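Each ligand, and each atom within it, is numbered from 1 in the order the structure gives. The structure presented is a predicted model; accordingly, all values stated were derived computationally and were not measured.
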Amino acid sequence: MKHFLSLKDFTKNELLEMITLAQKIKAQTKEKNFVPYMENQTLGMIFEKSSTRTRVSFETGIYQLGGIGLFLSSNDIQLGRGEPMKDTARVISRMVDMVMIRTFEHSKIEEFAENSKVPVINGLTNSYHPVQVLTDYFTMIECGVTNPIVAYVGDGANNMTHSWLMMAAKLGFELRVATPKGYECDTLIVEEALRIAKESGAKITFEDDPKTAVEGANVVTTDTWVSMGQESEKEIRIKAFNGYMVDADLMSLAQKDAIFLHCLPAYRDYEVSEEIFEKHADEIFLEAENRLHTQKGIMVWLDQHRGDTL
Ligand code: CP
Ligand code: NVA
């Protein structure tokens with residue numbers, strides 16, 4: 001049985017299989033052909049942090065696959081009152097067929113997975129946001145980007161950047177990361193990504209100059225400077241990231257038809273200017289919609305690769 005906690009746990013072929021499934025399911029959905037790949041299955045969705053996209057896309061996704069989603073906010077379940085993660089896992093995984101969790105430390109989702117009888121999907125931890133970046137890859141393909149040269153500008157020590165590192169390393173494309181000093185990616189994750197990149201041929205570079213990173217890129221992306229849980233650092237972070245906004249000047253250095261992606265929510269005139277956000281709104285909201293389809297691909301793939309666990 002496989003869990004979907006980080007892209008590092010999958011081969012390139014497995015990730016491409018999920019994308020292919022997602023493409024097929026998206027096409028079927030657009031024809032209103034809701035194939036019940038997961039008929040009568042229940043997806044437990046545990047949220048310890050806020051969410052718009054992750055909640056709506058997983059809940060709608062499992063419904064479109066013939067199953068049902070249970071929204072379990074940590075404010076409402078005993079986890080929020082101190083019931084241990086491993087007990088929560090041992091209870092919930094006896095009742096549902098798959099679990100999605102959004103939480104803080106990555107070790108918490110690993111603990112849940114170790115104690116779960118059913119596949120567990122990472123819906124964001126402090127370290128990784130793998131369902132989002134796989135969606136971004138799906139969206140890049142739909143936007144016609146065949147040979148990605150991706151520039152990520154902004155916070156390096158966050159879940160999106162770390163997931164981009166793993167995705168570039170696994171799928172073997174070029175990724176340039178531009179972060180201010182003091183906000184670089186986690187050293188251990190970088191080491192692991194560079195080790196995987198050697199095998200796949202991915203080219204991953206780190207800069208502190210956003211211009212160098214964006215020059216000639218065909219995909220430019222960023223994320224909030226203040227991730228969930230970092231609210232008390234807001235003022236200091238906004239100062240530290242001065243000069244890292246993706247604006248028209250910076251985008252003009254990318255390829256002429258470069259796309260801009262943002263996982264959302266976006267903070268206009270901080271990590272991205274209002275002008276660039278609105279200019280690329282079609283790509284950004286296609287990316288948001290694709291969460292629904294990519295995650296259906298991930299869920300069906302995990303379902304097809306589970307042993308007899310119940
Ligand atoms: N991008 C993303 O995961 O959005 P939510 O926080 O709204 O789920
Ligand atoms: N890095 C952001 C992503 C939000 C989807 C956060 O963790 O808040």
Side-chain angles (χ1 to χ4, degrees), residues 4-7 22 43-62 69 71-75 99-109 121-140 150 152-167 177-180 183-186 189 221-234 237-238 240-241 244-246 260-268 270-272 277 280-281 283-296 298-299:
F4 191 87
L5 305 190
S6 162
L7 299 189
L43 175 73
M45 308 186 302
I46 302 174
F47 282 89
E48 293 206 276
K49 290 176 175 172
S50 306
S51 169
T52 299
R53 280 142 289 268
T54 305
R55 177 185 176 176
V56 176
S57 55
F58 269 107
E59 196 163 333
T60 305
I62 188 69
F71 172 68
L72 304 165
S73 156
S74 58
N75 295 329
V99 174
M100 180 246 99
I101 308 183
R102 168 166 287 196
T103 187
F104 290 85
E105 294 79 17
H106 195 71
S107 57
K108 289 174 86 175
I109 198 169
I121 301 174
N122 182 353
L124 181 149
T125 62
N126 291 350
S127 304
Y128 294 111
H129 198 3
V131 290
Q132 178 68 59
V133 292
L134 203 63
T135 301
D136 295 358
Y137 190 76
F138 182 103
T139 308
M140 290 184 333
V150 180
Y152 179 99
V153 177
D155 189 7
N158 91 1
N159 38 29
M160 282 301 297
T161 327
H162 293 155
S163 294
W164 273 107
L165 288 177
M166 284 304 164
M167 187 160 74
V177 179
T179 59
Y183 293 90
E184 294 94 351
C185 303
D186 178 275
I189 294 176
T221 187
T222 183
D223 184 19
T224 179
W225 295 339
V226 187
S227 283
M228 288 180 277
Q230 298 173 333
E231 291 75 9
S232 64
E233 299 168 31
K234 187 173 172 188
R237 282 179 162 267
I238 286 170
F241 286 97
Y244 284 78
M245 183 195 296
V246 179
F260 173 78
L261 297 177
H262 194 306
C263 67
L264 302 176
Y267 299 89
R268 260 67 145 215
Y270 289 98
E271 76 270 12
V272 56
F277 185 91
H280 293 273
E283 293 139 30
I284 296 166
F285 291 105
L286 175 65
E287 176 189 9
E289 177 197 328
N290 282 339
R291 289 290 300 277
L292 173 65
H293 309 296
T294 309
Q295 290 162 187
K296 282 186 285 186
I298 294 168
M299 287 191 281

Problem - Test side chain to side chain contact (heavy atoms under 4.5 Å, CB included) applied to Ile189 and Met166, step by step - result: CA-CA 8 Å; Ile189 294 176; Met166 284 304 164; 3.9 Å; yes
Exercise for the section: For residues Phe58 and Leu43, determine if any side-chain heavy atom of one lies less than 4.5 Å from a side-chain heavy atom of the other. Expected result: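 In short, these two side chains touch, coming nearer than 4.5 Å.
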Handout entry: Ring geometry between Tyr128 and His162 (parallel below 30°, tilted from 30 to 60°, perpendicular above 60°)
Key =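 Perpendicular.
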Exercise for the section: Kindly assign one of parallel, tilted or perpendicular to the pair Phe71 and Phe47, based on the angle between their ring planes and the thresholds 30° and 60°. Expected result: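 Judged by the thresholds at 30° and 60°, the geometry between Phe71 and Phe47 is tilted.
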Could you list the residues that satisfy side chain to side chain donor-acceptor pair (under 3.5 Å) with [X], not counting sequence neighbours?
{"X": "Arg55", "result": "Glu59"}
{"X": "Ser57", "result": "Gln295"}
{"X": "Thr221", "result": "none"}

Which of the ligand 2 atoms, numbered from 1, are nearer than 4.0 Å to a heavy atom of [X]:
{"X": "Met228", "value": "6 (C), 7 (O), 8 (O)"}
{"X": "Leu264", "value": "5 (C)"}
{"X": "Leu124", "value": "3 (C), 4 (C), 5 (C), 7 (O)"}
{"X": "Asn158", "value": "1 (N)"}

Exercise for the section: Return yes or no for this condition: an N or O of Ser227 is under 3.5 Å from an N or O of ligand 2. Expected result: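 Right, the criterion is met.
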Exercise for the section: May I ask you to check if ligand 2 and Asp223 share an N or O to N or O distance below 3.5 Å? Expected result: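 Yes; at least one N/O pair falls below 3.5 Å.
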Practice task
Mind listing the closest non-hydrogen atom pair of Thr139 and Glu287 along with its distance?
Solution key: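 Between these two residues, the closest heavy atoms are OG1-CA, 3.5 Å.
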Problem - Least distance between heavy atoms, Ser163 atom then Leu7 atom - result: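 Where Ser163 meets Leu7 most closely, the heavy atoms are O-CD1, 4.3 Å.
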Problem - Under 4.0 Å from ligand 1 - residues by heavy atom, chain and number - result: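 Ligand 1 pocket, heavy atoms under 4.0 Å: Ser51, Thr52, Arg53, Thr54, Arg102, His129, Gln132, Cys263, Leu264, Arg291.
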Practice task
Report the part of Asn159 (side chain from C-beta onward, or backbone N, CA, C, O) that has a heavy atom under 4.0 Å from ligand 2; answer both or neither where that applies.
Solution key: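 Side chain only.
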